[in-house]
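First comes the structure, then the notes that go with it.
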Amino acid sequence: MAEVERWFVDIGLEVRVDAVGSRVGRLAGERPEVVMSGSHVDSVSSGGAYDGALGVIMAGCAVGWLAATRGRPLRTLEVFANCEEESSRFACNFWGSRAMAGLIEPEEPEGLADGEGVSIADAMRICGLDPAGLADARRTDLAAYVEPHIEQGPVLEETGDLIGVVDRVVGVRGLRVSLTGVGGHAGTLAMAARRDALAGAAEIVLGVERLARGRGAPTVATVGQIEVRPGGFNQVSGLARLTIDFRHPEEEVLAELDGELRGLVASVAAARVLEVEVSQGTMQAAIRFDGRVCTAIEQACRDAGVAWRRMPSLAGHDAQVIGRLCPAAMLFVPSKGGVSHRPDEETQLPHIVSGIEVLARTLFRLAYQPLP
Ligand SMILES: [Zn+2]
């Protein structure tokens with residue numbers, strides 16, 4: 001963050017640290033309303049150098065170039081470097097952007113702890129931030145937000161487009177399933193008498209995969225966790241808990257999937273005489289970004305002579321939170337091999353340069369010109 005601050009100063013921006021530690025670089029305009037661009041500076045553990053950080057760098061390059069060549073904007077321009085988006089230390093994702101939107105629950109700062117038992121509130125105090133002042137991060141002055149980001153998938157590389165104009169973010173839903181059968185001795189409990197919770201869970205895992213494959217892209221559904229009790233190699237499982245994560249850009253499809261997945265769980269449980277409980281996990285609504293901001297990015301692509309395509313984001317981003325505060329959209333640049341959240345993630349330099357040019361042209365439209 002110290003480096004981010006120094007760089008913001010170097011490119012002519014005023015630096016501010018907000019109440020949760022995000023850094024904001026500001027180029028004051030004639031008017032107080034703010035056109036903001038940026039992303040997060042954290043990443044997942046064992047992640048790469050491009051997710052998030054490249055978006056901050058692209059936004060800084062675009063705003064720094066506008067400051068140097070176009071001078072003072074009509075609307076104030078800000079570069080946002082979110083302190084936390086990925087939950088790599090605390091299970092608190094979108095922390096910086098949620099603080100801006102006033103979406104942090106009162107119990108979170110003291111309640112969420114890292115692997116060492118340090119709460120976010122304590123971690124904030126160690127950094128010189130006051131958890132009691134968290135509400136001060138809230139913003140009411142944003143006119144637009146544009147988030148540049150790596151695609152983290154293979155679409156742009158496959159189509160040969162240089163820019164993805166992201167007009168929506170998939171909704172994410174989760175179900176928590178608990179199956180109770182009867183445990184017993186792996187040798188003496190006859191097969192005909194078994195009510196094996198793990199075998200039921202296994203059938204659900206395959207059923208979830210079949211269901212998502214049957215619907216085709218962009219539907220995805222994943223069982224990422226299974227917990228089995230008692231868990232001995234020579235014991236029949238009496239209890240199995242599993243999670244189902246499923247995603248799609250359309251809320252109606254998510255609702256259908258929810259019904260189908262619950263139906264699958266119920267039928268497996270009935271056939272195997274297992275007691276079943278299903279509870280709601282994650283509920284992240286699908287987001288549609290602002291049509292005018294998407295159009296501004298598309299016009300910037302045309303002006304730059306760069307091939308682009310509209311596309312959804314299959315991953316969550318700060319823009320879906322900040323999009324609740326103001327018109328927002330995202331701009332993707334290609335990810336080499338579609339790889340992300342890995343040390344070998346990469347975006348090639350010419351693609352980054354095209355992305356910066358399109359972003360600068362977009363921000364010029366939004367901050368230097370009267371809005372239609
Ligand atoms: Zn990211």
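Atoms within each ligand, like the ligands themselves, are counted from 1 in listed order.
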Ring pair (Phe, Tyr, Trp, His ring centres under 6.0 Å) contacts touching residues 318-353 (sequence neighbours left out): His317-Phe332
Test: Arg139 and Glu78 ion pair at under 4.0 Å: yes
Parallel, tilted or perpendicular, as decided by the 30° and 60° cut-offs, for the rings of Phe80 and Tyr145: perpendicular
Protein N/O/S atoms closer than 2.8 Å to the Zn ion (ligand 1), ordered by chain and number, come to His40 NE2, Asp51 OD1, His149 NE2
Could you pull out all residues at least two apart from Phe364 that satisfy ring pair (Phe, Tyr, Trp, His ring centres under 6.0 Å)? Tyr368
Quick one: list whatever passes side chain to side chain donor-acceptor pair (under 3.5 Å) with Glu275, sequence neighbours left out. none
Let me confirm one number: the CG-CD distance from Leu331 to Glu298, rounded to the nearest 0.5 Å. 11.0 Å
